[in-house]
**Q** 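Supplied in structure tokens, the structure appears directly below.
Below, chain A is the first sequence line, B the second, and so on; all start at residue 1. Here the structure is a predicted model, which is why all the values come from computation and not from measurement.
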Amino acid sequence: MMPHRIIEGRLRRAVQTILPAADTTTVLVRPCPDPAFGDYQTNAVMGLAKAHKLNPRKLAAEVAAKLDAGDLCAKVEIAGPGFMNFRLRPEAVEASLRSAARGEHLFFEKSDPPRTVVVDFSSPNVAKPMHVGHIRSTILGDTLSRTLRLLGHNVITDNHLGDWGTQFGMLLAGWKTILHRDALAADPLSEMERIYKSISARCDREKPDFDPALRERARAELVSLQSGQEENLAIWREMIRLSQAQFDTIYARLGVRFDHTLGESFYNPRLGQTVEDLLQRGLATESRGAKAIFSDHSLPPQQDPFLVQRGGEWMANPLIIQKTDGAYNYATTDLATLEHRTQIWNADEIIYVTDGRQQLHFHQLFAVFHRWHPESRTRLAHVWFGSILGEDGRPFKTRSGETIRLADLLDEAEERALRVVSEKSPDLPEAQRREIARVVGIGAVKYADLLPNRQSDYVFSWDKLLSLSGNTAPYLQYAYARIRSIFRKGEIAEPGCRGPETEVSPGAPAEMALAKHLLNFGLLLEAVATEYRPNFLCGYLYDLSGLFTRFYEQCPVLKSEPAVRQSRLVLCDLTGQVLKRGLSLLGIEVLDQM
RNA sequence: GCGCCCGUAGCUCAGUUGGAUAGAGCAUCUGCCUUCUAAGCAGAGGGUCCUGGGUUCGAAUCCCAGCGGGCGCGCCA
């Protein structure tokens, strides 16, 4: 068990002996913001003192007197208005490093009990090329899934493809009237995108080329598809097949995998009974020819997702589950999907990773689900991220008004990385340089995507996504490669320093600072999982790499006397393991040489 | 109009129950490669945390008002 955890547990008991009625869940032990104060601190005592109208410093002193942590901390300091600062004894740090070196843990613990967590992310649309707008959901969802899985949860990843809906009417009309077979064979996604754009422009009343007959044709094709007409089904399946091939290529490059790909069409057979059930239970009602769910007025109007104010009056803002023409929409599908995930997969938690513009939809969806299945204890989370903007701060478009394809972005990333590798390591064989460029390039894109707070709007910038210096993936990969280089130069297999007899004793300040940071790996992983914020992990790994680099500059490893050398090798090995594991959670690979 | 989010160094952004002297990258400037990889390290400069009130031992963080920006608001997803 990590020292900070033990301190936290004992601290809570100490608080409880003094204030038996206090809620000790707020008593948390966190790393100090400045090592000058200590290694860990709690500021919860100040809050408790306020709640119980006590003198905070006096309470802290009483808690400190009751606290038995002498085995881990030399002494407990009370600072300022009532901070409690803990400084770990070197022996406590060493014990943790030794047990990690023996392979007993890697500075984190499995969650108990594990939960079943469904993660819904990526969800591209069939017949459209994946573009930069898809990276955030894909990379965020993948990282959260990996982190939850590492922490022991039963994670189910599901790619909820947009493979059903209005767009197929236009795609079918286009496929039958303006499709170029050669173009389709050469580049299926571009051709499907072309026919879609062409038809949809002519189905738009606002556009100059509006063609009412074509619009009717598209609607008829859609009805025909949805009623199971064989020719249209065959074309639809072909469009999915071609699209999935593209998705698979991109996901393979990104190293992203899904347990399931249950697109919207999977739920199609269940939509009728979903609406029927909601009507029977009185949750849904008919309105202007559509079936919709209205407010139950259980919330104040300002917080009610089914109300909206217009012209100074609160108006109904219902969730429509069946359109006037009888067709179902994404709300219907999402409700059917929720039922499947809770009832078939027994999800304890479902995480949706989408952009922030869908917040209202998910508020409505979750509210409806809780009214529909009040017995359900599934936790529903909308993990949203900011919009993509151009460098001018306007909604993102290229100069020609197009989006940037994900495949092109990844190509560019690898090309830029190859130029740098070839410059830095011209002696390596080309195949190896290309492999390094792949790992570095893809890693840089992912890291740049995960580094900012997900809720910030996302200003798209080639230079930012493809930068290879400073706080970027290559910096972390470089630290790892240097560690591997030490083992290579010393002709040491790392398992040699992982044995039961391993001794490790960080002496220099740079060694101790690095060692103490390793101990906080688990703390960070839990924060990532509970806050759904991978950027915390980026920050942690960046700090770890910086601490390692300072250690590397100040503390020779191979040239040190045997005992010091052995200890430093252990520290290098553990740092390498945490870096590799941490980067793997971000979906970023490491290299032995770069 | 109403709701959500945002406003922090020249630029791009962090900032973990409110917590200690607000941090990083890029850019600028000064040093450091015959020593385990310089994609690096050490150091410097750079701030009315949008503005004004309030809450309290303590506010970038919470509350109120205002200014500026992005997004959303019945049959698209």
Side-chain angles (χ1 to χ4, degrees), chain A residues 25-28 30-34 36-37 41 43-44 46-47 50 56 79-83 123 125 162 165-167 264 287-292 301-303 305 307-325 327 329-331 333-334 354-361 363 384 386-387 389 393-395 420-421 423-425 440 451-453 455-457 459 461 463-464 467-472 474-475 477-479 481-483 485-490 523-524 527 531 533 535-536 538-539 542 546 549-550 552-554 556-559 572 593-594:
Chain A
T25 58
T26 62
V27 177
L28 299 172
R30 293 280 109 108
C32 284
D34 184 338
F37 301 134
Q41 69 172 37
N43 49 45
M46 290 181 278
K50 183 181 280 188
F83 294 99
S123 308
N125 288 319
T166 320
Q167 74 269 29
E264 294 170 345
S287 169
R288 302 183 199 173
K291 310 291 193 298
Q302 293 207 334
Q303 294 166 29
L307 293 179
V308 64
Q309 192 171 85
R310 280 210 195 81
E313 280 192 61
W314 290 102
M315 313 279 283
N317 181 42
L319 183 72
I320 289 171
I321 57 170
Q322 188 171 17
K323 302 196 283 180
T324 308
D325 65 3
N329 59 13
Y330 71 125
T333 311
D334 280 351
T354 83
D355 75 85
R357 288 175 299 188
Q358 298 186 48
Q359 283 180 88
L360 179 60
H361 169 67
H363 282 147
W384 60 269
S387 311
L389 306 176
R394 305 289 308 154
V420 176
V421 178
E423 180 194 321
K424 305 270 181 189
S425 309
V440 167
L451 185 60
N453 181 328
Q455 289 176 326
S456 304
D457 278 343
V459 176
S461 153
D463 285 338
K464 195 168 68 177
S467 169
L468 303 176
S469 64
N471 187 358
T472 63
Y475 180 80
Q477 292 166 322
Y478 188 58
R482 283 174 146 183
I483 292 170
S485 177
I486 291 171
F487 284 94
R488 194 166 55 242
K489 284 274 163 54
L523 202 69
L524 258 296
E531 306 287 322
R533 290 193 189 280
N535 63 309
F536 291 171
C538 295
Y542 181 68
T549 306
R550 266 154 257 152
Y552 180 90
E553 300 272 340
Q554 293 171 25
V557 177
L558 296 174
K559 287 171 188 161
C572 287
Q593 203 173 345
M594 61 185 276

**Q** Sort me out a list of protein N/O and nucleotides 27-35 of chain B N/O pairs below 3.5 Å, or just none if empty.
**A**
unit_1 : atom_1 : unit_2   : atom_2 : d
B/U35  : O2'    : A/Lys559 : NZ     : 2.1

**Q** Any side-chain N or O of A/Asn535 less than 4.0 Å from the OP1 or OP2 oxygen of B/G15?
**A** yes

**Q** Within the sub-3.5 Å range, which N or O atoms of nucleotides 41-44 of chain B have a protein N or O partner, and how far apart are they?
**A**
unit_1 : atom_1 : unit_2   : atom_2 : d
B/C41  : OP1    : A/Tyr475 : OH     : 2.7
B/C41  : O4'    : A/Glu553 : OE2    : 3.3
B/A42  : OP1    : A/Arg550 : NE     : 3.2

**Q** So if I define the base as every atom that isn't primed, P, OP1 or OP2, how would nucleotides 1-8 of chain B read as a B/S/- string at a heavy-atom cutoff under 4.0 Å?
**A** BSSSS---

**Q** Suppose we screen for ring pair (Phe, Tyr, Trp, His ring centres under 6.0 Å). Which residues come up paired with A/His363, at least two apart in sequence or across chains?
**A** none

**Q** What distance, rounded to whole Å, do you find between the two P atoms, one in B/U55 and one in B/G72?
**A** 39 Å

**Q** Spell out yes or no: do the side chain of A/Thr324 and the base of B/C75 have one donor N/O and one acceptor N/O closer than 3.5 Å?
**A** yes

**Q** What N/O pairs connect the protein and nucleotides 60-63 of chain B at under 3.5 Å? Give each pair on its own line.
**A**
none

**Q** Tell me, please, which residues at least two apart from A/Asp355 pass salt bridge (charged side-chain N to carboxylate O under 4.0 Å, His left out).
**A** A/Arg357

**Q** Considering only heavy atoms and no angle criterion, is a donor-acceptor pair shorter than 3.5 Å present between the side chain of A/Lys464 and the base of B/G25?
**A** no

**Q** Counting side-chain heavy atoms from CB outward, which of B/A38, B/G19, B/A39 is closest to A/Pro81?
**A** B/G19

**Q** Do A/Tyr330 and B/A77 have a side chain to base donor-acceptor pair shorter than 3.5 Å?
**A** yes

**Q** Where does B/C33 fall, syn or anti, if syn means a chi angle no more than 90° from 0?
**A** syn

**Q** Rounded to whole Å, how long is the line connecting atom CG of A/Asn471 with atom P of B/G40?
**A** 11 Å

**Q** Distance check, C1' atoms only: B/C41 and B/C64, in whole angstrom units.
**A** 49 Å

**Q** Rounded to whole angstrom, note down the C1' distance from B/U21 over to B/C63.
**A** 27 Å

**Q** If the C1' atom of B/C67 is compared with that of B/G58, how far apart are they to the nearest Å?
**A** 28 Å

**Q** When the P atoms of B/G53 and B/G10 are considered, how many whole Å apart are they?
**A** 24 Å

**Q** Any idea which of B/A39, B/U37, B/G19 is nearest the A/Met46 side chain?
**A** B/G19

**Q** Of the candidate nucleotides B/C76, B/C36, B/G18, which contains the atom at the shortest distance from the side chain of A/Lys323?
**A** B/C76

**Q** Is there a donor N/O on one and an acceptor N/O on the other, under 3.5 Å, for the side chain of A/Gln41 and the base of B/A20?
**A** yes

